[in-house]
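Remarks on the structure that follows.
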Amino acid sequence: MVKLRLKRCGRKQPIYRIVAIDVRSRREGRDLQKVGFYDPIKNQTCLNVPAILYFLEKGAQPTRTVYDTLKKAEFFKDKERTLS
């Protein structure tokens, strides 16, 4: 099973990549694809929307933190508009 979750990149200042990764892999393990990043200090989010949609259509489950980040970036509002 594939999940969309955060992968930490910064040493002193935390910066996270949003990655598609196998459930059995550890947090810093090898990812399938990088689909965005999240900077909690600057409150910046950069998303690769087609890649995220691809993984969600294939059955990937976002973790709670990634779900909240996507929701804050209004990702699901755009998705609802395209489905309606």
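Only heavy atoms go into these numbers, but all of them, side chains included; no hydrogens, no water, no symmetry mates.
In this structure, Gln33 and Asn48 approach most closely via the heavy-atom pair NE2-ND2, 4.3 Å. Nearest approach of Pro14 to Pro40, heavy atoms of both residues: O-CD, 3.4 Å. The heavy-atom pair separating Val66 from Leu4 by the smallest distance is CG2-O, 3.5 Å.
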Leu56 vs Phe75, test: side chain to side chain contact (heavy atoms under 4.5 Å, CB included). Steps then yes/no. CA-CA 12 Å; Leu56 289 175; Phe75 177 78; 3.7 Å; yes
Before giving the answer on side chain to side chain contact (heavy atoms under 4.5 Å, CB included), spell out for Tyr16 and Asp39 the whole-Å C-alpha distance, their side-chain angles and the decisive distance to 0.1 Å. CA-CA 6 Å; Tyr16 298 95; Asp39 186 354; over 6 Å; no
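Ile21 and Tyr54 are not part of a single hydrophobic cluster, where members link through side-chain heavy atoms under 4.5 Å apart. Note: the hydrophobic cluster containing Val19 does not contain Leu53 (ILVMFWY, side chain heavy atoms under 4.5 Å, direct or indirect links).
If you take CD1 on Ile15 and CZ on Arg8, they are separated by 9.5 Å, rounding to the nearest 0.5 Å.
Side-chain atoms of Arg5 never come within 3.5 Å of backbone atoms of Lys7 as a donor-acceptor pair (strictly under, hydrogens ignored).
You'll find the side chain of Leu47 stays beyond 4.5 Å of the side chain of Phe37, heavy atoms only. Looking only at side-chain heavy atoms (C-beta outward), Ser25 and Arg30 stay at 4.5 Å or farther from each other. Side-chain contact between Leu6 and Thr63 is absent, with no heavy-atom pair separated by less than 4.5 Å.
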